[in-house]
Amino acid sequence: MDRFDDVRTRFAPNPDGPLHLGNARPVILCHEYAKMYDGTFILRYEDTSPDVKAPIPEMYEAIMEDLRWLGAEPDEVYYQSDRLELYYRYARMLLEMGAAYVCTCPPERFKELYMRGEPCPCRGLSPQVHIDRWEGMLGGLYRKGEAVVRIKTDLRHPNPAVRDWPALRVATAPHPRVGTRYRVWPLYNFSCAIDDHEMGISHIIRGKEHEVNTVRQRYIYKYLGWDYPEVLSVGRLSLEAGVLSKSKIRAGIEAGTYIGWDDPRLGTLMALRRRGIQPEAVRMLMLEIGPKGVEARISWDNIAALNRRVVEPRANRYFFIENPKPLRIVGLNKPLEAKLPLHPDHPERGVRRLRVEPEDGAVDLQIAERDAERLRPGERVRLMGLMNIEVRETEPNLEAEPIPGDHLEARRMGLAFIHWLPKGLGVEAEVVMPDASRIKGLVEPLCLEEEAGSIVQFERFGFARIDSLKPLVAYYAHR
RNA sequence: GCUCCGGUGGUGUAGCCUGGACAAACAUAACGGCCUUUCGAGCCGUUGAUCGCGGGUUCAAAUCCCGCCCGGAGCACCA
């Protein structure tokens, strides 16, 4: 803490895909930590790989959107593709100091040597030779793969991955932001080390997979006499069901398996958002998991439980009749009206009124297929808010008649409470399930007064987010 | 193979550094009850773990030491 005046944390993604649940861990932790000490939270786009992991132009904004949604809007934003000159200056400086060298060995040959802890022929050459080679790299003398700047480290380092690691290489593919203006690009460890210092980062919170990188980056700090930030390596996150891997998602989208980056089967923030998972729930989840170095496997039950807590008080209740089946009530002569609260704990929000008007002593209703299939002649159930009934026959048509008693009586008798809608009243609707399948059904018309994006509870079905109203489409969140 | 992490109720985690109040905590799931109305939400409660295996140190071990087994991550001219 006292080594730095201000707490400055950063989140540094490659804009080659949107954020997913795994990214939320460092994001929330960095943001929370910065806020806790009245510090600064920085977003730095690490878009330095035009060839291997090319940035996707729309993703710059998508990532920003994800951060805003999470409630972690950055105080400062940087693009590494704007900072090439800066990296070049430091590269030259390190070359002049003899702390780095330009290696022109074939990669396989170099690997053989460093695995044995031996220097390659380039390493011992004078700084002047390396400066010349560096000019050559910038000037186009070397093609892709022919020269690379390496940082000198301990060649006997127990971890071979640390030995004389590569810092800058030739990459000629056009970059979406700066085109072909540069042909030498820094590798992750180099630009990251330089920027962490240049941006005054005090605390690095990042995934455990970067632990070796921390060791590598410390060499730069040592050569330049800088103070390395505090590092916290958090474990990787995995989702019990739901894909997080960017490359897999991309392949799935291209193959048409997924409808897009927000396909409900995916673990992207976009997908969670669309399914009605609230940012508060993600935040609670991350804070609950904490900054430990151990990896955590997130279960949907867990996300759902957290989200339910957030969403339950907000969600108005409606009847959604999945795969509607007809139910005829006979022996009913007077009209009835069911009055159901929009929310059981918030009577002030009002009620839903559903009128039932019998003709010739009978009225037709619609109930969910699941309920219809379970009914047997002689069985009694309660139509929520309306009346208790006893089934007379199921073939050829499902028919029942009213029996006396209120809901308390129904409860005493242990009857099931089922939801229903008068025939002809329901609005056609579709619910997109977590496995991307779609369930068709009818929703009570009052639901159309909800706004797109709001969360509702379809009673005895589950919580869902209204995705669109004109055709009524909802995304299923969880029970 | 090498480097580094983990293995705690059905599931996901806390506790381990700084042994003792841990007859192990939280959440979730399951089960049961309640509810002017959800057999799927809510509320209340119950069940459920000899803390990977074996040995050692100690008055005392989930916690410390040794060995073994199992799982994960990293070992790029990716980030």
Side-chain angles (χ1 to χ4, degrees), chain A residues 12-17 45-49 51-55 80 103-107 110-111 114-115 142 144-150 157-163 165-171 184-189 191-192 206-213 215 233 235-236 238 240 246-247 284-285 288-290 292-306 308-309 311-313 315 317 319 338-341 343-345 347 370-371 374 381-388 406-411 414-419 457-463 478-479:
Chain A
N14 179 351
D16 65 343
Y45 292 109
E46 305 216 328
D47 53 349
T48 58
S49 181
D51 45 3
V52 183
K53 282 189 178 174
Q80 285 194 324
C103 174
T104 56
C105 301
F110 182 83
K111 188 170 182 181
Y114 85 69
M115 288 309 280
Y142 297 99
K144 186 179 170 174
E146 290 181 344
V148 58
V149 176
R150 294 186 176 280
H157 191 100
N159 189 346
V162 171
R163 300 173 192 164
W165 54 270
L168 301 103
R169 89 307 201 171
V170 176
V184 175
W185 287 85
L187 273 328
Y188 169 75
N189 282 293
S191 42
C192 179
R206 64 181 162 203
K208 207 186 192 59
E209 67 273 22
H210 287 295
E211 263 174 347
V212 190
N213 292 327
V215 178
S233 295
R236 307 245 299 169
S238 57
E240 148 206 68
K246 275 189 246 184
S247 50
M284 285 193 281
L285 181 66
E288 196 174 288
I289 292 169
K292 278 284 186 161
V294 292
E295 55 207 74
R297 178 169 289 102
I298 299 168
S299 70
W300 270 107
D301 277 346
N302 229 299
I303 298 177
L306 255 14
R308 205 176 284 130
R309 216 178 289 167
V311 125
E312 197 277 331
R317 316 292 152 116
F319 286 165
K339 278 193 280 185
L340 295 144
H343 189 113
D345 300 330
R370 228 172 4 155
D371 290 326
R374 224 174 12 213
V381 294
R382 173 158 184 88
L383 299 174
M384 287 168 72
L386 193 68
M387 62 181 158
N388 302 338
D406 57 8
H407 70 280
L408 292 171
E409 179 66 18
R411 196 123 66 189
L415 305 190
F417 284 58
I418 69 170
H419 52 119
Q457 188 201 42
F458 292 141
E459 291 190 85
R460 301 206 314 130
F461 182 78
F463 290 92
H478 45 72
R479 270 190 356 220

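Keep in mind that the numbers below use all heavy atoms, side chains included, and drop hydrogens, waters and symmetry copies. Chain letters run A, B, ... following the sequence lines, proteins first, then strands; residues in each count from 1.
Within 4.0 Å of A:G462, counting heavy atoms only, lies no atom of the nucleic acid at all. Using a 4.0 Å heavy-atom cutoff across all strands shown, A:I418 reaches no nucleic acid atom at all. Within the nucleic acid shown, A:N388 has no heavy atom closer than 4.0 Å to any nucleic acid atom.
To the nearest angstrom, P of B:rA41 lies 8 Å from CD of A:Q457. When the P atom of B:rU37 is taken as reference, atom CD of A:E459 falls 10 Å away, rounded to whole Å. Note: NE2 (A:H419) to C1' (B:rA41) measures 13 Å, nearest angstrom. Taking atom CG on A:L408 and atom P on B:rC34, their separation rounds to 12 Å, with Å as the unit. If you measure from atom CZ of A:F417 to atom P of B:rA41, you get 15 Å, rounded to the nearest angstrom.
Nearest nucleotide to the side chain of A:H407, out of B:rA41, B:rU37, B:rC4: B:rU37.
Note that NZ of A:K144 is 12.0 Å distant from CD of A:E146, once rounded to the nearest 0.5 Å. Residue A:N14 holds its CG atom at 7.0 Å from OG1 of A:T48, rounded to the nearest 0.5 Å. Atom-to-atom distance recorded for A:W165:CH2 and A:L187:CG is 8.0 Å, nearest 0.5 angstrom.
For the P atoms, the distance linking B:rA29 with B:rU11 amounts to 15 Å, nearest Å. When the P atom is used for both B:rC31 and B:rG20, the distance is 37 Å, rounded to whole Å. Across the C1' atoms, B:rC77 and B:rC5 are found 28 Å apart, a figure rounded to whole Å. Taking atom P in both B:rG42 and B:rU28, one finds a spacing of 9 Å when rounded to whole Å. Comparing the P positions of B:rA27 and B:rU47 gives a spacing of 15 Å, expressed to the nearest Å. When the P atom is used for both B:rC64 and B:rC51, the distance is 15 Å, rounded to whole Å. For the P atom pair drawn from B:rU8 and B:rC53, the interatomic distance equals 10 Å after rounding to whole Å. Taking atom C1' in both B:rA23 and B:rG9, one finds a spacing of 15 Å when rounded to whole Å.
Within the 3.5 Å criterion, the main-chain N or O of A:A304 finds no donor-acceptor partner in the side chain of A:R479. Remark: the backbone N or O of A:V381 is not paired with any side-chain donor or acceptor of A:N388 at under 3.5 angstrom. Not one N or O on the side chain of A:R382 forms a donor-acceptor pair closer than 3.5 Å with the backbone of A:R411. No side-chain donor-acceptor contact under 3.5 Å links A:H478 to the backbone of A:F463.
Nearest-nucleotide mapping onto RNA chain B: of A:L340 and A:E211, the residue sitting toward the 5' end is A:E211.
The salt bridge (charged side-chain N to carboxylate O under 4.0 Å, His left out) check on A:R169 picks up A:D51, with sequence neighbours excluded. For A:F110, the ring-ring contact (aromatic ring centres under 6.0 Å, His included) criterion is met by A:Y114, not counting sequence neighbours. Scanning for side chain to side chain donor-acceptor pair (under 3.5 Å) contacts around A:Y188 gives A:R206, A:H210, with sequence neighbours left out.
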Protein-nucleotides 25-29 of chain B N/O pairs closer than 3.5 Å?
{"from": "B:rA29", "atom 1": "OP1", "to": "A:R479", "atom 2": "NH2", "distance (Å)": "3.4"}

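With a 3.5 Å limit on both pairing distances and Watson-Crick or G-U wobble geometry required, the stems of 3 or more pairs in RNA chain B span B:1-7 with B:69-75, B:10-13 with B:25-28, B:30-34 with B:42-46, B:52-56 with B:64-68.
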Q: Could you please spell out the steps behind the side chain to side chain contact (heavy atoms under 4.5 Å, CB included) verdict for A:F417 and A:H407?
A: CA-CA 9 Å; A:F417 284 58; A:H407 70 280; 4.0 Å; yes
Q) Can you give one letter per nucleotide of nucleotides 74-79 of chain B, 5' to 3': B if a protein heavy atom sits under 4.0 Å from the base, S if only from the sugar-phosphate, - if neither? A) SSSBBB
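The minimum heavy-atom distance between A:G385 and A:A338, with the atom names listed, is O-CB, 3.3 Å.
Contact annotation: the side chain of A:P55 approaches that of A:P15 to within less than 4.5 Å [non-hydrogen atoms, C-beta and beyond].
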